[in-house]
Amino acid sequence: IHAEDKARVMAELEGAMKSRNQKLADYRIVVGSGKLLYVEDNWKIVRDKSGAPTRIYGVIHDVTERKLLELERQQSSEKLRAIVASLDDHLFVIDAENRFKEFFVGSDKSILLTDPAEFIGKRVSQVLPPEVASQLVKAVGGLKETGDIQSFDYELEINDQLMWFNCRLTPLKPEGPFEGVTALVRNITEMKKAALALAESEERFKIQSEFLPHILIKNLANTLNQLH
């Protein structure tokens with residue numbers, strides 16, 4: 001048994017003998033060549049009539065390949081979490097059943113609707129307002145059907161303020177069966193406010209432009225009348 005795991009494994013074994021329960025333990029071992037292996041050990045404790053343990057049977061399975069994949073996935077996840085944490089955007093992983101599977105929170109946590117930890121395992125319809133959930137489900141369906149990246153804007157009221165966001169969906173896996181999407185959410189409130197202000201200004205200019213000729217003609221007519 002690996003030196004760093006020995007104390008934990010012995011404590012788990014002692015606990016299993018006291019509790020009378022069959023125990024599944026995972027730990028590392030070092031084989032003769034010095035190679036490190038990850039194993040799962042299924043213990044079964046045999047007792048005498050008084051209940052005292054007399055033998056311990058164990059079946060050991062080599063799970064090194066699976067464990068290394070899990071560790072690699074965990075390290076990749078931690079790197080991605082660190083990258084997203086330095087950005088303003090938020091990233092969510094949604095599975096094929098439209099359930100939140102994982103999240104990576106950006107630097108601006110004030111714009112979150114609720115604690116992302118509460119999302120995990122829930123359907124988007126259980127977390128988001130109906131209109132936003134409907135947009136998201138429709139976009140996921142579009143991506144699943146066409147394979148094309150989907151993007152849509154939506155609004156939410158957070159802390160009594162109306163805010164706008166853009167959600168960009170990409171497939172969780174670029175090839176193979178559809179397993180879900182990654183949703184990159186970006187706060188576009190300031191950009192949206194600027195666009196609305198510009199549209200309002202253009203509308204005012206349009207109205208003024210439509211009435212300006214009439215005003216000029218009327219003023220000209222009044223001037224000519226005064227001359228006569």
Side-chain angles (χ1 to χ4, degrees), residues 66-204 206:
R66 188 192 73 192
K67 193 68 176 178
L68 290 177
L69 286 173
E70 290 175 356
L71 291 172
E72 183 179 353
R73 190 179 300 116
Q74 181 181 352
Q75 290 172 356
S76 298
S77 179
E78 289 173 352
K79 288 179 181 178
L80 181 58
R81 197 177 300 279
I83 292 171
V84 174
S86 66
L87 306 174
D88 291 333
D89 302 337
H90 302 301
L91 185 68
F92 298 91
V93 178
I94 301 171
D95 66 17
E97 302 298 323
N98 292 321
R99 295 181 187 275
F100 286 100
K101 185 178 179 182
E102 197 172 2
F103 64 91
F104 303 88
V105 177
S107 59
D108 188 3
K109 298 178 178 58
S110 65
I111 62 172
L112 292 171
L113 186 63
T114 185
D115 184 354
E118 298 179 8
F119 291 5
I120 301 303
K122 293 182 179 180
R123 294 184 182 275
V124 297
S125 58
Q126 296 175 293
V127 176
L128 300 173
E131 290 185 5
V132 180
S134 178
Q135 282 182 279
L136 180 54
V137 170
K138 182 179 178 180
V140 171
L143 189 150
K144 182 179 180 180
E145 182 178 349
T146 66
D148 296 333
I149 293 173
Q150 305 288 312
S151 179
F152 64 93
D153 296 343
Y154 64 94
E155 61 183 46
L156 283 177
E157 187 172 318
I158 299 177
N159 299 325
D160 298 325
Q161 290 187 353
L162 187 63
M163 306 188 76
W164 286 268
F165 300 90
N166 173 263
C167 181
R168 182 179 174 86
L169 303 180
T170 55
L172 197 57
K173 283 189 174 182
E175 299 179 356
F178 180 77
E179 294 187 5
V181 301
T182 58
L184 183 68
V185 177
R186 174 167 296 175
N187 181 6
I188 59 170
T189 301
E190 295 305 317
M191 183 174 68
K192 194 73 172 180
K193 286 181 178 179
L196 290 173
L198 178 61
E200 185 179 346
S201 176
E202 289 177 345
E203 183 64 23
R204 284 200 304 268
K206 180 181 177 182

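Just so it is clear, the model here is predicted, and its values are computed rather than measured.
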side-chain contact (heavy atoms from CB on, under 4.5 Å) partners for [X], two or more places apart:
X: Asp160; answer: Glu157
X: Glu131; answer: none
X: Lys138; answer: none

Check the surroundings of atom CZ in Arg186: do more than 12 heavy atoms from other residues, nucleotides or ligands lie under 6.0 Å from it?
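Result for CZ/Arg186: open.
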Under the salt bridge (Lys or Arg N to Asp or Glu O under 4.0 Å) test, which residues partner Arg168, sequence neighbours left out?
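With neighbours one apart ignored, the set is empty.
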Going by ring pair (Phe, Tyr, Trp, His ring centres under 6.0 Å), name the pairs with one or both residues in residues 106-131, residues two or more places apart or in two chains.
Phe92-Phe119, Phe100-Phe119
Does anything in residues 169-192 form a ring pair (Phe, Tyr, Trp, His ring centres under 6.0 Å)? List the pairs, not counting sequence neighbours.
none
Would you confirm whether [X], through its side chain, and [Y], through its main-chain N or O, come within 3.5 Å as a donor-acceptor pair?
X: Thr182; Y: Val93; result: no
X: Gln150; Y: Asp148; result: yes
X: Asn159; Y: Gln161; result: no
X: Gln126; Y: Gly121; result: no

From [X] [atom1] over to [Y] [atom2], what is the distance, rounded to the nearest 0.5 angstrom?
X: Ile149; Y: Leu169; atom1: CD1; atom2: CG; answer: 9.5 Å
X: Glu179; Y: Lys144; atom1: CD; atom2: NZ; answer: 11.5 Å
X: Cys167; Y: Asp89; atom1: SG; atom2: CG; answer: 11.0 Å
X: Lys192; Y: Phe165; atom1: NZ; atom2: CZ; answer: 13.0 Å
X: Arg99; Y: Ile120; atom1: CZ; atom2: CD1; answer: 12.0 Å
X: Asn187; Y: Ile158; atom1: CG; atom2: CD1; answer: 8.0 Å

Is there side-chain contact between [X] and [Y], with heavy atoms separated by less than 4.5 Å?
X: Leu156; Y: Pro129; answer: yes
X: Leu172; Y: Asp95; answer: no
X: Val124; Y: Val140; answer: no
X: Phe103; Y: Val185; answer: no

Smallest separation among heavy atoms of [X] and [Y], with atom names:
X: Glu97; Y: Arg123; result: O-NH1, 2.6 Å
X: Val132; Y: Tyr154; result: CG1-CD1, 3.7 Å
X: Ala183; Y: Ile94; result: CB-CD1, 4.3 Å

Assess whether side-chain contact (heavy atoms from CB on, under 4.5 Å) is satisfied between Asp153 and Asn166, documenting all intermediate values.
CA-CA 4 Å; Asp153 296 343; Asn166 173 263; 2.8 Å; yes
